[in-house]
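Notes to accompany the following structure.
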Amino acid sequence: MRDWARSLGAGVGLKTKIIGLLLASSLLLLCAFGMWTYAMQRHATQTELVETSRVLVDEMNAVWDFIALNQDRIDHTSDGTYEYKGLHCAIVGKSVAALFSLDSEYSMRFTKIDPRNIANAPDATETAALEMFAADPELHEYYEFSTRGNERVFRYISAMKVTEQCMECHGGPAGEMDVTGYPKEGWELGDLAGATSVTIPTALYDSNMWSAVRSNVLFFLFIVVCMCIGIYVALDRLIARPVAALSSGLTRVGETRSHRMSFFDGNSAYATSEIVDLFARFNEMSERLEVLYGNLESQVEERTEQLRRANDELEAQRAHVERVNERLKNENKYKSDFLAIVSHELRTPLTSVLVFAELMEETVGSNDDLARKQLEEIRKNGRILLEMVDNVLETARIQAGSERLNLELVDIADVFGQVESATSAVALQKGVRFSTCVEPDVPLVMSDWEKVRRIVSNLASNAVKFTDEGGSVDVRASLVADGKEVSIAVRDTGIGIPEDKHRLIFERFTQENMSTVRRYGGSGLGLSLVKDLTAMLGGRVEIDSAPGRGSLFTVFLPADTAWCERERGDEKGGAS
């Protein structure tokens, strides 16, 4: 949807967009102007109706006052005798209002809350106005727009106050009969006597109001249309045509590689500094492009030749790298084969040496301590050398990819017993305390018994080798909290390993430094073999060590059988 709107907008011209925006803004302004005009005309109409109503009320009050001022003259004969004629201000006012209403569409009458004549009883609007006048003595008029049948009318109600002329008929004492035969109300000066109610039809006023609104809106619309036409012409001359000319010029530049433009020939009246500057920059760009196009072909040929030579050089280097890799692969194979052959050939005489040493020990007398000690040294060093030869053989098989797993249920306690019997004698001779412990919750694991033994044996022998007299080596097996792994931890109090050497010690034929090699000996294969064998068993190795506080090597082996299924699947996939 957004892409469609974007493509639709891209196809609309600049003039159309600006005029559309201008028209939309003008429509909003027109609506606002219409609403404002209507509000102003309504206010003016209401003001005119209020003023007209006030004039009518003032005229009726003048008639009322005139009768009141001439009441004595009306009620006395020429010789001064009092003769009540029945003509008083209320009768005259009511009669004049009735005559006025009869001859026009206007309606006027007098009313109050408790009138003497039921015909003067107030309607709902008049009652509400009288109540407001009674509650607020400062309020003297009330008006609103209302309806009379199907006709819209304006209601104006003006308060009437008690004056001196009113006291004769409406003053005190209350209940006394006045000259008209009605009991007096007992009013005082300034009290609310009633109200003059004026009703004016608004049809003519509304017609004039809407006519004025239409005239103003049409005039405003005419101005907006004229303004839009002027802006459209200005945009076309000042912006749209120059932009179209630039677009055409760019197309010609793409076709002919050079094009100069002078859009304002004969039209300088429509030139602006910005457009003139834009055309000048366009011509400058066109000239530069012409120069660049002139040199581009030669540059392309030169770069193409450079790329060809670079590709030839890369191809030669790739072939050289392939030859070097093949040579390194063969040399690595020769090295592995050499190590395997030499280690295998060394293992046979070493085994013979150990056997003959045991046979000689049987023939040596029990009182010949020196001979027995020398034979024990031969056996001890022979076993160490045999272990090193086995490590070399194991490493060679792993590198060659010929090492296979012999999966079975393995009891870690049996492995620890085998390792303890082979290592404790060396530890005892060095004066190192050696101990093993298997936690009760450690289960049987599906693994390779011999490889687990070699892992534990290499870690234990390394720990004993790098721990001085008086130190200790502790080998412990436990079940990890989640129950998915068995951890084998070998902790010693030896020399420790710097943190920056932790990755290095797992490399083949590598030890911490040469001083360590000279002092403790070794081939540097033990920890590398531990790492490789652990990876084959689906586990991992972690180290925590620092100089002066010993080392902790922890091997984590899977406690479930899921990894065995994956291993068998990998072997089948490789075999297929």
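Bear in mind that the values here come from a model prediction, so they are computed numbers and not experimental data.
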Before accepting this row, confirm whether a basic side-chain N of the pair Arg309/Glu305 lies closer than 4.0 Å to the acidic partner's carboxylate O. yes
How close do Val445 and Ala559 get, heavy atom to heavy atom, and via which atoms? CG1-CA, 4.2 Å
Cut-off 3.5 Å, no hydrogens considered: what does the side-chain donor-acceptor table look like for residues 472-482, sequence neighbours left out?
from   : atom 1 : to     : atom 2 : distance (Å)
Asp474 : OD1    : Ser435 : OG     : 2.9
Arg476 : NH1    : Glu439 : OE2    : 2.8
Ser478 : OG     : Ser487 : OG     : 3.0
Asp482 : OD1    : Lys484 : N      : 3.1

To the nearest 0.5 Å, atom CG of Asp411 lies from atom CZ of Phe416 at 10.5 Å
Ignoring hydrogens, what is the shortest heavy-atom contact between Ser447 and Leu537? Give both atom names and the distance. OG-CD2, 3.4 Å
With side chain to side chain contact (heavy atoms under 4.5 Å, CB included) as the test, pick out the partner of Tyr38 among Met40, Met35, Arg42. Arg42
Residues which pass salt bridge (charged side-chain N to carboxylate O under 4.0 Å, His left out) with Glu499, listed by chain and number, not counting sequence neighbours: none
To the nearest 0.5 Å, tell me how far Asp544 CG sits from Ile497 CD1. 10.5 Å
Min side-chain heavy-atom separation Val419-Thr436 under 4.5 Å: no
Donor-acceptor contact present, side-chain Lys451 to main-chain Leu405, <3.5 Å: no
Are Phe220 and Leu30 close enough that some pair of their side-chain heavy atoms sits under 4.5 Å apart? yes
Answer yes when Glu450 and Arg453 have at least one side-chain N-carboxylate O distance shorter than 4.0 Å, and no when they do not. yes
Picking from Ile488, Leu527, Asp492, what satisfies side chain to side chain contact (heavy atoms under 4.5 Å, CB included) with Leu459? Leu527
Hey, mind stepping through Val452 and Leu557 against side chain to side chain contact (heavy atoms under 4.5 Å, CB included) and telling me if it holds? CA-CA 9 Å; Val452 175; Leu557 297 177; 4.1 Å; yes
Considering residues, nucleotides and ligands other than Gln317, do more than 12 of their heavy atoms fall under 6.0 Å from its CD? yes
What is the distance from atom CG of Asp312 to atom CG of Leu307, rounded to the nearest 0.5 Å? 11.0 Å
Would you check if the side chain of Ser545 reaches a backbone N or O of Leu552 as a donor-acceptor pair within less than 3.5 Å? no
Trp36 side, atom CH2; Cys31 side, atom SG - distance, nearest 0.5 Å: 15.5 Å
Heavy-atom closest contact (Arg454 atom, Leu533 atom, distance): CB-CD1, 4.0 Å
If you round to the nearest 0.5 Å, how far is CD of Glu485 from OG1 of Thr554? 11.0 Å
Tell me the closest heavy-atom pair linking Pro558 and Gly538, and the distance in Å. CG-O, 3.3 Å
Flag side-chain contact, heavy atom, 4.5 Å: Val432 against Lys465: no
In the structure I gave you, are the side-chain heavy atoms of Val415 and Gln418 within less than 4.5 Å of one another anywhere? no
Could you walk me through whether Asn406 and Trp449 pass the side chain to side chain contact (heavy atoms under 4.5 Å, CB included) check? CA-CA 8 Å; Asn406 182 23; Trp449 193 93; over 6 Å; no
Residue pair Glu315, Arg318: steps toward the salt bridge (charged side-chain N to carboxylate O under 4.0 Å, His left out) verdict: CA-CA 5 Å; Glu315 183 64 24; Arg318 186 187 64 79; 2.4 Å; yes
Going by heavy atoms in the side chains, are Pro443 and Val486 under 4.5 Å from each other? yes
Any chance you could lay out the side chain to side chain contact (heavy atoms under 4.5 Å, CB included) test for Asn458 and Phe553, step after step, and finish with the verdict? CA-CA 11 Å; Asn458 277 331; Phe553 287 87; over 6 Å; no
Would you check if the side chain of Lys430 reaches a backbone N or O of Val464 as a donor-acceptor pair within less than 3.5 Å? yes
Nearest atoms (heavy-atom pairs only) where Thr534 meets Arg540: CG2-N, 3.3 Å
